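What you see is a predicted model, and the numbers here were worked out from it, not measured in a lab.
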Amino acid sequence: MSPTDGSIEAPFLLRAVERALIRIPRSSHHGLTKTPTAIRIAGRTYLDLARLGSIAAVQVPEVVLAARLYHLAYTHRSMAVTGQCALWATGRASDPPVPPITIATPKPTRPIKLPAVTIGSHRFPPVTVKPRHVHLSTHVADARGLLIENLESAQVTVARTSNNPRAAFTQLCMIGHVYTHFDNFHLPVSRGNEEAWKFLLERELKALGNRAHGRAQARWIIDHVDAGCASPGEARLLYELCVAGLTGMQTQVEVHTHGHRYFIDCAFLAERIGIEFDGRAKYGETPSSIHASLARERERQRHLEAEGWHIIRVGWRDLEHPAELIAQIRAALAARQG
């Protein structure tokens with residue numbers, strides 16, 4: 001593996017790993033003496049590192065994840081990759097970026113123990129995989145030799161099973177933003193795409209039945225996620241507003257003023273209160289780009305305030321204290337309503 005090669009997306013990495021895998025016949029006694037670059041993944045599954053020259057060293061954890069998934073597919077033919085692992089396998093953003101193995105089987109299956117794997121200086125400890133027992137139907141597709149939960153079903157699985165609804169909400173907003181090709185300059189089309197996306201999620205959830213574990217949490221997340229959130233910070237902001245019970249806000253509200261076309265991250269139209277998330281990425285990296293961005297933001301705020309808008313600026317530090325933030329927003333709403 002080369003430390004200088006760029007990272008590749010999971011679907012391509014899976015293909016490369018699949019080509020590099022070796023399964024030793026049960027009757028074989030000579031092992032892999034003729035393939036010194038092969039390492040054992042588990043059981044009779046080996047990975048020939050010589051065939052992975054195009055994989056960046058930084059992606060070694062993903063290589064091990066992929067190899068373990070293929071081993072499980074060899075030994076459990078009806079197994080399906082689900083949830084965060086399915087999102088990763090299809091090239092979507094997973095949380096964490098290299099997720100733990102999450103699989104499901106149509107029959108009750110005991111926990112599966114996988115041994116430690118060592119690649120160069122990297123050692124990956126043994127793991128115990130606990131398959132979920134579910135009915136697998138049209139919600140999975142055979143891709144690159146793996147049964148993988150489809151995108152809509154994987155999102156619903158994440159929404160149902162996450163122990164961190166805040167993170168699941170943020171993740172689904174980001175997936176929705178990409179999935180719908182959300183474009184502020186084509187809002188009607190983008191909102192139509194968002195409606196179609198949420199319909200698919202609702203259909204997947206309904207198919208699980210009313211007794212599905214985590215159904216209420218998934219229902220709430222699907223009802224409130226918004227593809228208009230263009231960054232994790234904006235999604236986190238919307239989550240805090242929703243979970244506090246505030247209503248009437250919209251994302252990407254278009255305002256024309258002083259010959260400019262602005263989009264407010266989140267706004268209460270009736271009260272003309274806009275909330276803007278200030279993330280570091282929007283200001284650039286160099287001192288000159290930061291100064292230019294700040295100057296544009298000040299001009300933008302002056303223009304919006306001239307139109308009667310009250311703008312509240314929010315950063316990551318504010319989101320660490322949501323109760324204080326919500327109190328500030330409630331006070332601003334009350335002042336406008338009174």
Side-chain angles (χ1 to χ4, degrees), residues 1-23 39 41-42 45-105 114 117 119 122 124 127 129 131 136-159 161 168 171-182 193 197 200-201 204 227 232:
M1 297 186 186
S2 169
T4 59
D5 290 335
S7 298
I8 61 175
E9 292 185 350
F12 300 100
L13 184 143
L14 283 166
R15 193 169 300 133
V17 169
E18 182 187 20
R19 289 195 297 262
L21 286 174
I22 303 170
R23 285 284 288 174
I39 61 163
I41 299 300
T45 303
Y46 289 75
L47 180 69
D48 185 359
L49 299 180
R51 303 183 190 179
L52 291 173
S54 62
I55 305 297
V58 71
Q59 289 191 280
V60 171
E62 291 181 89
V63 168
V64 173
L65 171 60
R68 283 172 164 171
L69 287 176
Y70 275 114
H71 170 75
L72 292 171
Y74 291 144
T75 57
H76 299 76
R77 296 290 182 180
S78 58
M79 175 208 83
V81 181
T82 64
Q84 296 288 1
C85 217
L87 292 176
W88 169 82
T90 55
R92 306 286 174 172
S94 60
D95 183 20
V98 183
I101 294 175
T102 47
I103 60 174
T105 57
L114 299 177
V117 175
I119 300 180
H122 302 272
F124 301 89
V127 296
V129 180
L136 300 175
S137 57
T138 57
H139 303 291
V140 298
D142 192 339
R144 295 167 292 279
L146 295 174
L147 291 177
I148 301 175
E149 193 174 35
N150 69 32
L151 178 58
E152 292 77 28
S153 183
Q155 291 174 81
V156 171
T157 296
V158 168
T161 61
Q171 184 179 9
L172 260 65
C173 283
M174 295 298 91
I175 292 174
H177 189 78
V178 175
Y179 184 89
T180 61
H181 304 285
F182 203 94
N193 292 343
W197 167 60
L200 294 174
L201 298 184
E204 290 288 338

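Under a 3.5 Å cut-off, the side chain of E62 and the backbone N or O of A10 do not form any donor-acceptor pair. With hydrogens and angles ignored, the 3.5 Å screen pairs a side-chain donor or acceptor of Q84 with a backbone N or O of D95.
Heavy atoms only, all atoms of each residue included: A86 and A154 are closest at CB-CB, 3.9 Å. Nearest heavy atoms, A93 versus I175: O-CD1, 4.4 Å. Across C85 and P99, no two heavy atoms sit closer than the pair CA-CG, 3.9 Å. Nearest approach of E149 to T157, heavy atoms of both residues: OE2-OG1, 2.8 Å. Smallest separation of non-hydrogen atoms from G83 and V158: C-CG2, 3.9 Å. Contact between H71 and L114 at its shortest, heavy atoms only, is CD2-CD2, 3.8 Å.
Between R68 and V129, the closest side-chain pair of non-hydrogen atoms is not below 4.5 Å. By the 4.5 Å heavy-atom criterion applied to side chains, P232 and M174 are counted as neighbours. Looking at heavy atoms from C-beta onward, W88 lies out of side-chain contact with I148 at the 4.5 angstrom threshold. Using a 4.5 Å heavy-atom cutoff, the side chains of Y70 and I41 are not in contact.
To the nearest 0.5 Å, atoms CD (E152) and CG (L201) are separated by 7.0 Å. Atoms CG and CD1, from L52 and I119 in turn, are 8.0 Å apart once rounded to the nearest 0.5 Å. With rounding to the nearest 0.5 angstrom, the CZ atom of R92 is 8.5 Å from the CG atom of L87. The structure places OG1 of T45 at 11.5 Å from CD1 of I39, a figure rounded to the nearest 0.5 Å. How far CG of L72 is from CD1 of I103: 5.0 Å, rounded to the nearest 0.5 Å.
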Apply the test side chain to side chain donor-acceptor pair (under 3.5 Å) to residues E204 and Q155: give CA-CA distance (whole Å), side-chain angles for both, the deciding distance (0.1 Å), then the verdict.
-> CA-CA 9 Å; E204 290 288 338; Q155 291 174 81; over 6 Å; no
Quick one: do V63 and L47 satisfy side-chain contact (heavy atoms from CB on, under 4.5 Å)? Show the steps, please.
-> CA-CA 10 Å; V63 168; L47 180 69; 3.6 Å; yes
Chi angles and distances behind the side-chain contact (heavy atoms from CB on, under 4.5 Å) call for N193, W197 = CA-CA 6 Å; N193 292 343; W197 167 60; over 6 Å; no
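The salt bridge (Lys or Arg N to Asp or Glu O under 4.0 Å) pairs that include a residue from residues 7-20 number zero, where partners must be two or more places apart or lie in different chains.
Residues forming a side-chain hydrogen bond (donor to acceptor under 3.5 Å, both in side chains) with D48 (at least two apart in sequence, or on another chain): T37, R51. The side-chain hydrogen bond (donor to acceptor under 3.5 Å, both in side chains) search around T102 returns none, not counting sequence neighbours.
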